[in-house]
Amino acid sequence: MGEKRAQPAAKRRYWLLKTEPSSFAFEDLLRAPKRRTQWDGVRNYQARNFMRDDMQFGDLALIYHSSADPTGITGIARIVRAARPDATQFDPKDEHFDPKARREDPPWVAVEIEALVPVEPCVSLQARKDEPRLAQMLVLRRGQRLSVQPVESGEWQVVLELAGLDPGNF
DNA sequence: GCCAACGTTGGC
DNA sequence: GCCAACGTTGGC
């Protein structure tokens, strides 16, 4: 691939982004214009803080399908635009409308992501539970509901291995 | 559909 | 600031 590296691998961070495929699936991202979309509608402060403060252009993300059959990591995406105000917070017709959001100080942000490759078959929840090197992974913890989670680089390597992908390609 | 986990809300 | 009630998430 002749694409420029966004930043040195040492500075790049890894993320996990949850979505319910019934509302938006990785396949939808693959079919989107330029295979990109706004990752909007996040309405949790901790998740917001990760997006706003830590997510950078060039970071990589695992796309995770929750409430799905099967649940699991179904694709790899890249952050192609850092956080900016999430337009849906101002749209009364949008399900994520926030009547308290003020334009002069918007509380919610969105990033733009681009699909890289699908993970097929997906890396299932069970496969990750069976992998001792992922024992600390946030998404596997009981009751963990954060929709935007940081992923350690070691965990990233293991997940890509389980996916049959070469981490060096990213 | 159940229910445990956990974030948010609001009365005090 | 406490905390009970409530709503949402998400695996099962």
Side-chain angles (χ1 to χ4, degrees), chain A residues 13-32 37-55 59-77 79 83-113 115-152 154-165:
Chain A
R13 296 195 188 207
Y14 303 98
W15 304 96
L16 180 141
L17 300 175
K18 283 190 202 174
T19 182
E20 295 197 15
S22 58
S23 59
F24 190 86
F26 189 76
E27 300 77 61
D28 298 320
L29 185 56
L30 287 171
R31 285 192 291 264
T37 193
Q38 295 296 318
W39 203 256
D40 54 22
V42 173
R43 295 293 180 270
N44 169 283
Y45 286 108
Q46 198 178 349
R48 186 278 311 268
N49 292 346
F50 280 134
M51 289 205 299
R52 185 190 61 187
D53 303 335
D54 298 320
M55 218 177 254
D59 284 357
L60 297 172
L62 306 169
I63 305 301
Y64 174 76
H65 284 182
S66 64
S67 298
D69 187 17
T71 62
I73 291 160
T74 55
I76 310 292
I79 312 302
R84 53 185 176 151
D86 176 352
T88 65
Q89 68 194 304
F90 303 120
D91 180 359
K93 292 189 294 294
D94 192 279
E95 65 172 315
H96 299 295
F97 175 61
D98 180 354
K100 296 196 293 289
R102 293 175 300 126
R103 286 186 182 275
E104 59 273 24
D105 187 21
W108 307 115
V109 300
V111 297
E112 189 171 0
I113 68 169
L116 294 183
V117 296
V119 172
E120 203 169 56
C122 77
V123 176
S124 70
L125 184 58
Q126 192 59 48
R128 283 170 294 143
K129 284 180 175 173
D130 291 343
E131 171 50 71
R133 290 173 295 171
L134 297 181
Q136 298 304 311
M137 200 170 179
L138 280 179
V139 73
L140 298 179
R141 294 189 197 163
R142 183 175 178 77
Q144 177 54 259
R145 308 187 319 188
L146 258 190
S147 61
V148 176
Q149 303 183 2
V151 171
E152 299 299 321
E155 296 167 345
W156 171 267
Q157 307 277 332
V158 173
V159 170
L160 263 63
E161 181 185 314
L162 295 178
L165 297 171

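What you see is a predicted model; the values in this text were computed from it and never measured.
- Residues satisfying the side chain to side chain donor-acceptor pair (under 3.5 Å) criterion with A:W15, sequence neighbours excluded, are A:D59.
- Of the possible polar contacts, one joining the A:R43 side chain to the A:H96 backbone as a donor-acceptor pair under 3.5 Å is found.
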- Query: Just by protein heavy atoms under 4.0 Å, how would nucleotides 5-12 of chain C read 5' to 3' in B, S and -?
  - Reply: --BBBBSS
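- In this structure, A:Y14 OH and A:Q157 CD are separated by 6.0 Å, a value rounded to the nearest 0.5 Å.
- Direction change of the helix axis from one end of the helix from B:dG1-C:dC12 to B:dC12-C:dG1 to the other is 10°, with five pairs defining each end axis (rounded to 10°).
- Here CG of A:L62 is found 5.0 Å from CH2 of A:W156. Values are rounded to the nearest 0.5 Å.
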- Task: Please assess A:D86 against A:R48 for the test salt bridge (Lys or Arg N to Asp or Glu O under 4.0 Å), listing each intermediate value before the final yes or no.
- Result: CA-CA 10 Å; A:D86 176 352; A:R48 186 278 311 268; over 6 Å; no
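- Taking a 6.0 Å sphere around CG of A:D69, one finds it holds 12 or fewer heavy atoms contributed by other residues, nucleotides or ligands.
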- Message: If you apply the rule side chain to side chain contact (heavy atoms under 4.5 Å, CB included), what do you find for A:E152 with A:M137, and how did you get there?
- Response: CA-CA 8 Å; A:E152 299 299 321; A:M137 200 170 179; over 6 Å; no
